[in-house]
Amino acid sequence: MSDQYDVIVAGAGPAGAQCARDLAGRGYEVVVLETEAETAFPAQSNKSTGGTFASLMTAFGIPDDVVMHATESVVLESPNENVIQDQPGFVLDFGAFKKFLVEDGREKGAAYRFDARVREPIVEDGAVVGVRYNRDQEVYGEIVIDATGPAAPLAKDVGIVTLERKNHAIGVEYVFEGVDLTHPDFADLTDAMMLRLDHEYAPGGYSWIFHTGDDTAKVGICYIQNERYREHATQDRTVDGYLEHWLDTDPRFEDARRVADNQVRGSAHVQAPDSLSTDSFMAIGDTVPSVDPVWGEGIYKCMKSARAAAMTADRCLTRKVDTSAEEMATYDDLWHEQVAPRRDRRLLMTKLLYLASNERYDRLMRDLNERNRDALSDINDGNTREIAKLLYPTDISYLWKYWRET
């Protein structure tokens, strides 16, 4: 087993596995350190529903055999209104998706070490030169990449990331059968991915139903734990308690039955990253989080950051090796251009969205129904003009709450 590689990647989630896949495909010697045991990988430790669009499937060569169900629309719900947008998409079998990325990376030459819990970076002369994992094992590389998600042990140690508890979001999801997708009191969710803004079920967040075929669906909730985002909470419930409350009160779940062994739970942070790279080091995926205001697309953002990091590593390791902070900053530029353009604007929209009241959510849905079909996409992209068209003088109170929060 080698102790020296071109690139070390910590974490075998979508970001880490995709980065290793890209780098191995370019001929670099890359090793991935993954905490989970190979026999258990992937454990149900990520809250992602695996909902995505054709752009991810095409850009990263994702095969159809990891798709649970192809969808035709996205539905946004508030307590009393809804918006339907034609938008072809895919609900992924998230476990199969992660396994594909690992297996394809291995075929390209990436090495994997499972049961490898990353402890800390090895730093010499101010630069990261390797990683310590488990009790006393070490591995060295020209470049180290942290793709461990919210844990971020390496990025925190080198001072790249400060993930704040006030921005911490938690989520839980199950697969159910017997879901009434065509209930007359709601939008038709056949072949749809639905996101619901409703503090009754997810105070300071959202809930979802993603059709996975026949009468089955992924059902879950996610919310920011910060006290200010919980102002609309009517009960002091756990995340599981809110999900149970939704299941007990929404008629679409009257005959629903939970599918065994399909629990998924996890966490993420809704905040801008402090920085992204330094000498010989980059952070990718949910370690440096970014989400879209309307429909998240967290997986796509993670994988785009992975590709940007692979492109940077390729540049820094080609011909004369130069992994100085100045050269590694190419990743920062690519991240801001390709992963999260108009980052601050989109983050503002995301946080304001979760602060609004249920009545404001109903009004938002009515306004969106009066707009052209591209309005949602424009808002999601941080289009200032389209965002401004949705704001009212009474929204100043939400802006004030936001600035108090920050």
Side-chain angles (χ1 to χ4, degrees), residues 7 9 11-28 30 32 42 46 48-74 85-110 145 147 149 193 210 268 276 282-315 330-343 346 374 376-378 380-382:
V7 181
V9 179
Q18 178 58 45
C19 190
R21 187 180 173 219
D22 274 353
L23 287 166
R26 289 178 166 92
Y28 292 103
V30 55
V32 181
N46 190 300
S48 175
T49 61
T52 190
F53 303 121
S55 49
L56 179 144
M57 305 292 286
T58 302
F60 295 98
I62 307 304
D64 291 340
D65 55 10
V66 304
V67 175
M68 294 181 74
H69 191 62
T71 56
E72 297 176 357
S73 62
V74 173
Q85 176 165 313
D86 293 337
Q87 177 80 48
F90 304 89
V91 181
L92 304 178
D93 179 329
F94 200 57
F97 170 63
K98 290 171 76 172
K99 283 184 178 180
F100 162 75
L101 295 176
V102 170
E103 291 167 1
D104 193 61
R106 275 178 158 167
E107 288 179 8
K108 289 178 168 62
I145 297 174
M193 291 188 281
F210 282 13
L276 301 158
M282 292 178 279
I284 65 175
D286 283 335
T287 304
V288 284
S290 177
V291 295
D292 288 334
V294 180
W295 42 64
E297 278 256 74
I299 298 172
Y300 195 20
K301 299 298 180 186
C302 285
M303 295 181 69
K304 287 171 79 172
S305 73
R307 179 148 291 171
M311 291 167 65
T312 302
D314 188 27
R315 170 187 169 123
T330 297
Y331 170 62
D332 301 53
D333 295 337
L334 291 172
W335 194 91
H336 287 288
E337 291 170 7
Q338 300 178 10
V339 180
R342 297 177 293 279
R343 179 201 68 185
R346 290 164 49 250
D374 294 325
L376 269 177
S377 296
D378 290 340
N380 206 51
D381 289 339

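No experiment lies behind these values; they were computed from the predicted model shown. Residue numbers start at 1 and run along the sequence shown.
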How far apart are the closest heavy atoms of [X] and [Y], and which atoms are they?
X     : Y      : value
Leu23 : Ala313 : CD2-CB, 3.8 Å
Gly11 : Val32  : O-CG1, 3.6 Å
Ala15 : Cys302 : CB-O, 3.6 Å
Ser55 : Tyr300 : OG-CE2, 3.4 Å
Val91 : Phe210 : CG2-CB, 4.1 Å

Reported [atom1]-to-[atom2] distance for the pair [X] and [Y], which is rounded to 0.5 angstrom:
X      : Y      : atom1 : atom2 : result
Met282 : Ser305 : CE    : OG    : 10.0 Å
Gln338 : Tyr331 : CD    : OH    : 11.0 Å
Lys99  : Phe94  : NZ    : CZ    : 13.5 Å

What donor-acceptor contacts under 3.5 angstrom involve side-chain atoms of residues 57-69, with partners at least two apart or in another chain?
unit_1	atom_1	unit_2	atom_2	d
Thr58	OG1	Ala54	O	3.1
His69	NE2	Asp191	OD1	2.6

Query raised in the report: side chain to side chain contact (heavy atoms under 4.5 Å, CB included) with Ala110: which residues, sequence neighbours excluded?
Result: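 Ala110: side chain to side chain contact (heavy atoms under 4.5 Å, CB included) contacts with Ala20, Ala24, Val30, Tyr112.
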Query - Check: Thr287 side chain, Gly149 main-chain N or O, donor-acceptor pair, under 3.5 Å - result: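 The answer is yes, because a donor-acceptor pair under 3.5 Å joins these two groups.
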Report task. Give a yes or no answer on whether the side chain of Lys98 reaches the backbone of Pro14 with a donor-acceptor pair at less than 3.5 Å. Result -> no
Report summary line: Only one of Thr330, Leu276, Ile284 passes side-chain contact (heavy atoms from CB on, under 4.5 Å) with Trp335, and that residue is Leu276
Query raised in the report: Is there any salt bridge (Lys or Arg N to Asp or Glu O under 4.0 Å) pair reaching into residues 19-28, and which pairs are they, with sequence neighbours excluded?
Result: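 Only Arg21-Asp104, Asp22-Arg307, Arg26-Asp314 qualify under salt bridge (Lys or Arg N to Asp or Glu O under 4.0 Å).
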**Report entry** Check against side-chain contact (heavy atoms from CB on, under 4.5 Å), Ile299 and Thr52
**Finding:** CA-CA 8 Å; Ile299 298 172; Thr52 190; 5.6 Å; no
Requested in this report: Determine whether more than 12 heavy atoms belonging to other residues, nucleotides or ligands lie under 6.0 Å from atom CZ of Arg315.
Outcome: no
Query raised in the report: Side-chain contact, heavy-atom cut-off 4.5 Å: Leu101 with Met303?
Result: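 In contact.
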